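Inspection log for the structure reproduced underneath, given as structure tokens.
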Amino acid sequence: MSDYKSDLLRLLDERGYIHQLTDAEGLDALAAKTIVPGYIGFDATAPSLHVGSLVQIMMLRRLQQAGHKPIVVMGGGTTKIGDPSGKDESRKLLTSEIIDANIASIRTVFEKLLRFDDSPTGAIMVNNDAWLRELSYIDLLREVGPHFTINRMLTFDSVKLRLEREQPLTFLEFNYMILQAYDFRELAQQQDCRLQMGGSDQWGNIVNGIELGRRMNGFELFGLTTPLLTTADGAKMGKTAAGAVWLNEDQLPAYDFWQYWRNADDRDVGKFLRLFTDLPLDEIERLEKLEGSEINAAKVVLANEITRLVRGEKAAQAAEATAEATFGAGGMGDDLPVLAVAPEGIGLAAALTAIGFTASNGEAKRKIAEGAVRLDDEAVKDAALLVTVTEGAERKLSLGKKKHAVLRRA
């Protein structure tokens with residue numbers, strides 16, 4: 001642990017958020033004496049962010065908890081271009097109407113995790129389309145262009161990786177880093193924003209913004225990045241075999257969200273409790289020391305705490321109750337995914353794929369052959385089995401120990 005003076009950097013450091021700082025001493029001194037407005041940008045490419053963005057949202061929560069002002073920047077303008085960071089190919093361009101609808105949907109999660117009000121530390125949400133759409137292209141080139149060299153832009157990972165893989169990088173995407181830097185400078189002017197935070201892949205973009213603000217306006221700005229967050233087995237956060245772990249209820253039921261955390265690797269429990277919950281550190285230290293089957297109790301706490309923050313108290317209680325009914329009593333909880341089965345029935349492999357447990361019927365057949373599939377808690381090895389459900393009845397379909405669904409008559 002470093003000997004930081006400010007509550008902000010002490011809190012971020014002890015919970016594991018700090019990877020790089022542009023000027024640790026300067027930011028520490030500033031945060032110790034005044035309210036620091038800080039921002040993180042989020043693109044609006046879907047109606048929900050996923051778990052991979054949760055560490056950034058929680059960092060804004062920590063900023064507010066430490067007595068500072070979070071600024072959520074929705075990339076209504078930059079989403080029209082697409083951030084090439086970490087992408088092998090260009091993203092599909094979205095209409096303004098779709099982007100606006102996505103932002104409205106995404107906001108609902110931020111409203112659970114941040115306090116939005118008119119106080120000095122109240123969070124605000126802004127859309128960078130408000131200033132980017134006003135830019136005249138020639139004026140932008142003349143005013144901002146001289147501060148960027150192609151030589152340096154080509155050294156950034158987001159550009160280098162695409163070129164090394166011989167994947168096309170459009171001129172439109174190449175401009176993304178200029179516009180993100182312009183965002184920081186604009187926020188410093190409009191909101192007295194002094195800090196930009198983000199994932200480690202955003203370090204180059206953040207430094208660009210700091211330098212642009214200094215060159216154009218003489219601003220003293222700061223940058224902070226989090227470590228690249230992966231699970232203990234090396235997987236990227238927020239991705240599973242079944243797809244993205246979305247934060248919004250409309251994109252992923254609360255039970256599936258809860259179950260994602262309940263299934264965390266034993267080695268990740270302490271790290272996730274620090275990053276994604278408000279539990280006191282001494283309690284986290286106690287929980288992460290649990291071993292054997294006892295660590296499962298810590299995982300339930302993890303799942304409950306995160307689900308409570310992101311989805312609400314009722315969702316957390318319902319998800320835990322469903323898990324208890326499903327795993328404890330061999331029954332079926334109310335929150336399990338449901339598949340409507342036509343009167344003529346459905347093939348077992350097709351049912352597994354339709355409910356999202358497998359990506360294809362071929363994968364489903366392999367799982368059935370391995371003995372990993374159970375119908376009403378009985379192992380089934382016949383991939384051609386026709387599954388029928390009588391009127392008013394329910395059947396339970398399971399893959400392994402952790403995936404369960406309810407089959408009902410359509």
Side-chain angles (χ1 to χ4, degrees), residues 2 4 6 8-9 12-13 17-31 36-43 52-53 55-56 59-60 62-63 68 70-73 75 77-78 81-87 126 128 131-132 135 140-141 143-164 169 173-229:
S2 301
Y4 292 121
S6 66
L8 173 63
L9 290 191
L12 293 178
D13 183 46
Y17 292 94
I18 298 177
H19 176 56
Q20 293 167 296
L21 277 163
T22 54
D23 175 7
E25 198 174 316
L27 178 58
D28 194 33
L30 183 69
V36 177
Y39 94 93
I40 300 178
F42 301 87
D43 277 350
S53 296
V55 70
Q56 311 304 331
M59 197 150 56
L60 289 172
R62 303 301 182 211
L63 185 76
H68 301 280
I71 301 173
V72 182
V73 177
T78 39
I81 293 172
D83 182 1
S85 299
K87 304 290 188 302
V126 296
N128 68 8
W131 55 84
L132 293 181
L135 291 173
L140 177 71
L141 290 180
E143 186 181 13
V144 180
H147 300 292
F148 290 82
T149 67
I150 296 295
N151 316 55
R152 184 155 184 232
M153 292 169 80
L154 289 172
T155 67
F156 286 105
D157 285 345
S158 58
V159 175
K160 239 180 3 180
L161 291 174
R162 194 79 75 81
L163 296 180
E164 283 171 4
L169 177 73
E173 293 170 290
F174 194 57
N175 280 271
Y176 188 96
M177 63 182 83
I178 295 176
L179 296 182
Q180 185 170 328
Y182 188 84
D183 280 351
F184 199 177
R185 182 247 182 178
E186 188 73 15
L187 288 161
Q189 281 189 306
Q190 287 185 20
Q191 307 287 348
D192 193 29
C193 183
R194 305 292 296 277
L195 171 65
Q196 183 183 357
M197 302 183 290
S200 57
D201 62 336
Q202 294 298 315
W203 178 251
N205 290 335
I206 291 172
V207 170
N208 269 342
I210 290 170
E211 291 182 355
L212 186 65
R214 177 177 54 79
R215 290 173 180 171
M216 293 185 71
N217 302 88
F219 293 140
E220 184 187 20
L221 306 176
F222 302 93
L224 186 158
T225 63
T226 55
L228 176 67
L229 195 58

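FYI, side chains are in, hydrogens and waters are out, and symmetry mates aren't considered; it's all heavy atoms of this structure. Note that the structure is predicted; figures quoted are calculated from it, not measured.
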query = Side-chain contact, heavy-atom cut-off 4.5 Å: Arg194 with Phe219?
reply = no
key: Leu224, Ile40, Leu195 screened by side chain to side chain contact (heavy atoms under 4.5 Å, CB included) with Leu63, the one that passes   = Leu195
Distance in Å, Asp13 CG paired with Tyr4 OH, rounded so as to fall on 0.5 Å steps = 5.0 Å
request  = List in chain and number order the residues that pass side-chain hydrogen bond (donor to acceptor under 3.5 Å, both in side chains) with Trp203, two or more places apart in sequence or in another chain; answer none if no residue qualifies.
outcome  = none
message = Suppose we screen for side chain to side chain contact (heavy atoms under 4.5 Å, CB included). Which residues come up paired with Arg214, at least two apart in sequence or across chains?
response = Glu211
CH2 on Trp131 to CG on Asp183, rounded to 0.5 Å = 5.5 Å
message = side-chain hydrogen bond (donor to acceptor under 3.5 Å, both in side chains) for Gln20 and Ser200? Distances and angles first, verdict last.
response = CA-CA 8 Å; Gln20 293 167 296; Ser200 57; 6.0 Å; no
message = Tell me every residue that passes side-chain hydrogen bond (donor to acceptor under 3.5 Å, both in side chains) with Asn217, counting only those two or more places apart in sequence or in another chain.
response = Arg185
inquiry  = Between Phe222 and Val36, is the side-chain contact (heavy atoms from CB on, under 4.5 Å) condition met? List the steps.
reply    = CA-CA 10 Å; Phe222 302 93; Val36 177; over 6 Å; no
remark   = Rounding to 0.5 Å, atoms CZ (Arg62) and CG (Leu9) come to a distance of 14.5 Å
note = Residue set satisfying ring pair (Phe, Tyr, Trp, His ring centres under 6.0 Å) with Tyr17, at least two apart, ordered chain then number -> none
request  = Output the distance between atom CD1 (Ile206) and atom CZ (Phe184), rounded to the nearest 0.5 Å.
outcome  = 8.0 Å
remark   = By side-chain hydrogen bond (donor to acceptor under 3.5 Å, both in side chains), Tyr39 pairs with (sequence neighbours left out) Gln196
Contacts under 3.5 angstrom, residues 21-31 side chains, donor-acceptor by atom type, not counting sequence neighbours:
unit_1 : atom_1 : unit_2 : atom_2 : d
Thr22  : OG1    : Gly223 : N      : 2.9
Asp23  : OD1    : Gly26  : N      : 2.9
Asp28  : OD1    : Lys5   : N      : 3.3
Asp28  : OD1    : Ser6   : N      : 2.8
Asp28  : OD1    : Ser6   : OG     : 2.6
Asp28  : OD2    : Lys5   : N      : 2.8

ask   = Can you name the nearest heavy-atom pair linking Gly77 to Asn128, along with the distance?
value = N-OD1, 2.7 Å
query = Hey, are the side chains of Met197 and Leu60 touching, using non-hydrogen atoms and a 4.5 Å cut-off?
reply = yes
query = Can you tell me how far NE2 of His19 sits from CG of Leu228, rounded to the nearest 0.5 angstrom?
reply = 8.5 Å
note = In this structure, CE of Met59 is separated from OG1 of Thr225 (nearest 0.5 Å) by 8.0 Å
